[in-house]
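Just so it is clear, the values below take in all heavy atoms, side chains as well, and ignore hydrogens, waters and symmetry mates.
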Amino acid sequence: MSITIRYFASLREQIGRGEDRLDAAGIATVDAAWQHLHGTPLPARVLAAVNQEYVGAEHVLTDGDEVAFFPPVTGG
């Protein structure tokens, strides 16, 4: 199973890259993908989208999915 991970805005700067490609055999959820790449659970304030629709951390991934992570949105 192959998944593309994209990072946006300040997350991209913090992580130091805009994209990861993941051979995701055995990685079932958005949270599991984050943990595989970063070693910690998905931070509660980080937003996730799969194939351009917002999802929760327990969303089940399938082959070819594109997962995007966004920092919290603030306004003023």
Side-chain angles (χ1 to χ4, degrees):
M1 183 163 87
S2 177
I3 295 170
T4 301
I5 309 287
R6 297 185 191 276
Y7 307 99
F8 290 91
S10 61
L11 274 180
R12 173 186 234 163
E13 295 170 15
Q14 290 172 358
I15 292 169
R17 60 189 179 276
E19 182 176 308
D20 283 310
R21 294 196 186 264
L22 187 60
D23 177 7
I27 296 175
T29 65
V30 168
D31 185 57
W34 179 276
Q35 286 191 47
H36 179 79
L37 291 167
H38 304 289
T40 63
L42 181 67
R45 297 182 57 178
V46 172
L47 302 174
V50 173
N51 301 327
Q52 302 183 5
E53 293 197 23
Y54 286 110
V55 298
E58 296 307 316
H59 180 86
V60 175
L61 298 173
T62 60
D63 189 33
D65 278 347
E66 177 185 87
V67 180
F69 292 111
F70 304 89
V73 177
T74 60

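- With sequence neighbours excluded, the residues that form a ring pair (Phe, Tyr, Trp, His ring centres under 6.0 Å) with H38 are Y7, W34.
- Scanning both residues, M1 and D23, for their nearest heavy atoms gives O-OD1, 3.2 Å.
- In this structure, V30 is not a member of the same hydrophobic cluster as L47, with clusters built from ILVMFWY side-chain heavy atoms closer than 4.5 Å.
- In terms of heavy-atom proximity, G18 sits nearest to R12 at CA-NE, 3.4 Å.
- Contact between A32 and A28 at its shortest, heavy atoms only, is CB-N, 4.2 Å.
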Atom pairs and distances, side-chain donor-acceptor, residues 62-69, under 3.5 Å, sequence neighbours left out:
residue : atom : partner : partner atom : Å
T62     : OG1  : D65     : OD1          : 3.2
T62     : OG1  : D65     : OD2          : 3.4
D63     : OD1  : S2      : N            : 2.8
D65     : OD1  : N51     : ND2          : 2.8
D65     : OD2  : T62     : N            : 2.7
E66     : OE2  : R6      : NE           : 2.7
E66     : OE2  : R6      : NH2          : 3.3

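- Separating the CD atom in E58 from the CG atom in L42 is a distance of 9.5 Å, to the nearest 0.5 Å.
- V50 and F8 fall into different hydrophobic clusters, where Ile, Leu, Val, Met, Phe, Trp and Tyr side chains are chained together by heavy-atom contacts under 4.5 Å.
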Step by step, work out the salt bridge (charged side-chain N to carboxylate O under 4.0 Å, His left out) result for R17 and E19.
-> CA-CA 6 Å; R17 60 189 179 276; E19 182 176 308; over 6 Å; no
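- Nearest heavy atom pair, residue A33 against residue L22, reads CB-CD2, 4.1 Å.
- Side-chain atoms of D31 never come within 3.5 Å of backbone atoms of P41 as a donor-acceptor pair (strictly under, hydrogens ignored).
- Atom CD1 of I15 sits about 7.5 Å away from atom CG of D20, to the nearest 0.5 Å.
- Hydrophobic clustering (ILVMFWY, side-chain heavy atoms < 4.5 Å, transitive): V46 and I27 are in one cluster.
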